[in-house]
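Starting from 1, each residue takes its place in the sequence as its number. Nothing here was measured: the structure is a model prediction, and the numbers come from that model.
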Amino acid sequence: MITPSHSFHRSGAPDFGALAVPLPGRPRFAPAGAEAGQPSSRPSGSREAAPRIVHLGKFYHPAPGGIESAIRSLAHAQAGIGGRVRVICMDHERGRATRVERDGPVEVVRLRRASSLCKLDHCPDLRGAIRDSGADVIHLHTPNPTMILGLMLSGSRTPLVVSHHSDVVKQKVRRLLFSPIERACYDRARLILAMSPPYAAGSPVLRRYEGRVDVLPIGLDLRGLLDPPPDVRARAEALRDSARGPIWFSCGRLVYYKGFETAMHALRHVPGTWMIAGEGPLRRPLERLAAGLGLRDRVRFLGRLPGAEDLAAHYRAAEAFWFPSNARSEAFGVVQVEAMASGCPVINAAIPHSGVPWVSRHEETGLTVPVDDPAAFAAAARRILEEPGLRARLAAGARARAASRFDSGAMGIRSMHFYASILADARGEAR
């Protein structure tokens with residue numbers, strides 16, 4: 001039995017206004033257009049208590065990862081406008097008992113992992129945590145087989161929203177075996193959210209649910225990147241002084257779909273030092289590749305950076321952010337938004353039916369090149385170095401797009417509108 005640090009209750013809850021209204025000016029849950037994600041105004045009218053929201057995620061901060069960052073950003077944004085928010089996740093460190101923590105205004109239930117088989121974790125407290133959550137809305141973040149199975153076994157009939165962060169691309173056997181359970185879960189969802197319009201249009205999973213799909217782009221609290229403190233600026237200057245030539249920066253897990261081999265080959269034709277933050281199974285192969293190409297002195301493997309200010313300093317120090325991901329497993333690229341907010345142009349790849357080139361746009365916030373093309377990647381980097389005024393123009397466009405499109409406050413308000421519509425429908429069906 002899990003005893004939360006506070007229970008969700010209606011008495012004394014903050015008002016949020018008339019949440020039970022559809023998004024103004026749009027058909028409810030219609031597929032979004034190319035500019036989905038524009039901020040919606042806060043609704044007005046009759047007043048009603050904010051919903052009790054439970055997010056189901058695989059892991060949560062301080063565990064690294066794009067989905068983990070997205071869940072935290074959304075949870076904090078919703079709490080900031082009156083939502084009562086809990087996150088149920090697995091503990092990213094094994095061996096610890098299930099416990100309840102606070103992350104500011106967000107309650108976090110970290111579940112003990114008793115065992116694991118084929119990336120499916122057994123958490124004995126999972127079903128009870130979902131069943132007894134007292135939620136008005138459950139918001140599931142996928143891919144996430146453990147949470148999907150726990151939700152289905154819990155017997156919960158709470159209105160369900162699914163954020164589909166990406167398709168399962170490489171693990172074909174797992175996808176085949178697990179797809180019936182995933183489909184049953186998605187069948188009961190009232191709303192399925194994609195991170196970008198291109199991903200919604202290109203996903204074979206989401207195309208089955210076209211009438212229930214909408215778009216909620218990931219938003220971040222960008223204040224520390226748009227206007228960094230003096231010590232971050234000083235660290236950036238120190239980084240520039242420490243490196244030979246211009247700095248190129250990348251950040252992410254060192255896994256197959258990040259395409260770092262492409263960037264490594266491109267570096268042979270571009271001056272400067274490439275700094276890579278992150279860990280993963282491909283670190284040793286990438287180190288060997290750097291040595292084999294004669295680039296050992298020009299590539300710095302930084303591991304996991306200790307804090308947000310360290311990351312911000314690297315964005316500011318870099319001539320451009322290298323993001324060579326090459327598969328639809330990369331559905332969005334949260335780190336692109338961070339780089340853009342820092343005024344760091346992005347060089348990314350035109351992954352078909354991915355949100356990556358939608359987040360950072362060619363010739364507006366960076367440069368987009370063909371997938372797995374080292375020559376084109378190198379040519380883009382040289383353009384940023386050599387073409388007069390290009391970097392300044394892209395940096396300004398990057399900051400403007402990050403601030404206007406990917407702000408966490410707008411994401412929070414838009415998500416609450418979505419919840420309002422599905423709760424209104426649920427109340428209507430109950431009458």
[X] and [Y] ion-paired at < 4.0 Å:
X	Y	answer
Arg393	Glu363	yes
Asp407	Arg414	no
Arg235	Glu237	no
Asp227	Arg233	yes
Glu279	Arg283	yes

Is any side-chain heavy atom of [Y] closer than 4.5 Å to one of [X]?
X	Y	answer
Leu311	Phe249	yes
Glu364	Leu394	no
Leu191	Val162	no
Val335	Phe323	yes
Pro51	Met416	yes
Pro198	His353	no
Arg52	Val137	no
Leu286	Glu261	yes

- Angle class for the Tyr419/His139 ring planes (parallel below 30°, perpendicular above 60°, tilted otherwise)? perpendicular

Would you compute the distance between atom [atom1] of [X] and atom [atom2] of [Y] and round it to the nearest 0.5 angstrom?
X	Y	atom1	atom2	answer
Tyr257	Glu330	OH	CD	5.5 Å
Leu111	Thr98	CG	OG1	5.0 Å
Phe418	Asp214	CZ	CG	4.0 Å
Asp121	Leu149	CG	CG	11.0 Å
Ile138	Ser154	CD1	OG	6.0 Å
Leu140	Ile88	CG	CD1	11.0 Å

- Test the Arg328-Tyr199 pair against the cation-pi criterion, namely NZ or CZ under 6.0 angstrom from the six-membered ring centroid and within 45° of the ring axis.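 Because its charged atom sits under 6.0 Å from the ring centre and within 45° of the axis, Arg328 does stack over Tyr199.
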
- Message: For the residue pair Thr365 / Ser360, report whether a side-chain donor-acceptor contact shorter than 3.5 Å exists.
- Response: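 Note: Ser360 and Thr365 side chains meet the donor-acceptor criterion.
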
- Query: Does a side chain donor of either His76 or Asp103 reach within less than 3.5 Å of an acceptor in the other side chain?
  - Reply: yes

- Determine, step by step, whether Ile218 and Val337 satisfy the side-chain contact (heavy atoms from CB on, under 4.5 Å) criterion, reporting the C-alpha distance in whole Å, the side-chain angles of both residues, the deciding distance to 0.1 Å, and the verdict. CA-CA 9 Å; Ile218 296 170; Val337 176; over 6 Å; no

So, for [X] and [Y], which heavy atoms are closest and what is the spacing to 0.1 Å?
X	Y	result
Leu239	Ile247	O-CD1, 3.5 Å
Pro281	Arg253	CD-NH2, 3.9 Å
Gly272	Leu267	O-CD1, 4.2 Å
Gly259	Asn326	CA-ND2, 3.9 Å
Glu338	Ser342	O-OG, 2.9 Å
Pro374	Ala266	O-CB, 3.4 Å

- Task: Please lay out, stage by stage, how Asp125 and Arg112 fare under the test salt bridge (charged side-chain N to carboxylate O under 4.0 Å, His left out).
- Result: CA-CA 7 Å; Asp125 299 319; Arg112 177 175 71 92; 5.2 Å; no

- Task: Kindly determine whether Gln78 and His55 satisfy side-chain hydrogen bond (donor to acceptor under 3.5 Å, both in side chains), including the steps that lead there.
- Result: CA-CA 11 Å; Gln78 292 169 339; His55 291 278; 2.8 Å; yes

- Item | Worked check of side-chain contact (heavy atoms from CB on, under 4.5 Å) between Met90 and Met147 | CA-CA 9 Å; Met90 296 181 292; Met147 286 294 167; 4.3 Å; yes

- Item | Test log, rule salt bridge (charged side-chain N to carboxylate O under 4.0 Å, His left out), inputs Glu387 and Arg382 | CA-CA 8 Å; Glu387 188 172 315; Arg382 289 196 303 271; over 6 Å; no

State whether the side chain of [X] and the backbone N or O of [Y] hold a donor-acceptor pair below 3.5 Å, judged by distance alone.
X	Y	answer
Ser73	Gly219	yes
Asp221	Arg223	yes
Asp310	Gly307	yes
Arg113	Cys123	no
Ser156	Thr158	yes
Asp91	Arg94	no
Arg240	Arg316	yes
Arg84	Ala50	yes
Ser415	Gly412	yes
Arg391	Leu385	no

- Check the pair Met275 / His314 against side-chain contact (heavy atoms from CB on, under 4.5 Å), numbers first and verdict last. CA-CA 8 Å; Met275 299 184 180; His314 281 79; 3.8 Å; yes

- Ring centroid separation for His164 and Tyr186, is it under 6.0 angstrom?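 Aromatic pair counts; centres sit under 6.0 Å.
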
- Compute the centroid of each ring, for Trp322 and then for Phe377, and state whether the two points are separated by less than 6.0 Å. yes

- Query: How about Arg127: does its CZ atom have over 12 heavy atoms from other parts shown lying under 6.0 Å from it?
  - Reply: no

- In terms of heavy-atom contacts, does CZ of Arg296 have more than 12 from other residues, nucleotides or ligands at under 6.0 Å? no

- Intermediate values then yes/no, side-chain contact (heavy atoms from CB on, under 4.5 Å), His141 and Lys58: CA-CA 8 Å; His141 297 262; Lys58 183 177 181 180; over 6 Å; no

- Quick one: side-chain hydrogen bond (donor to acceptor under 3.5 Å, both in side chains) pairs with a partner in residues 263-278, sequence neighbours left out?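 Output for this query lists Ser250-Trp274.
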
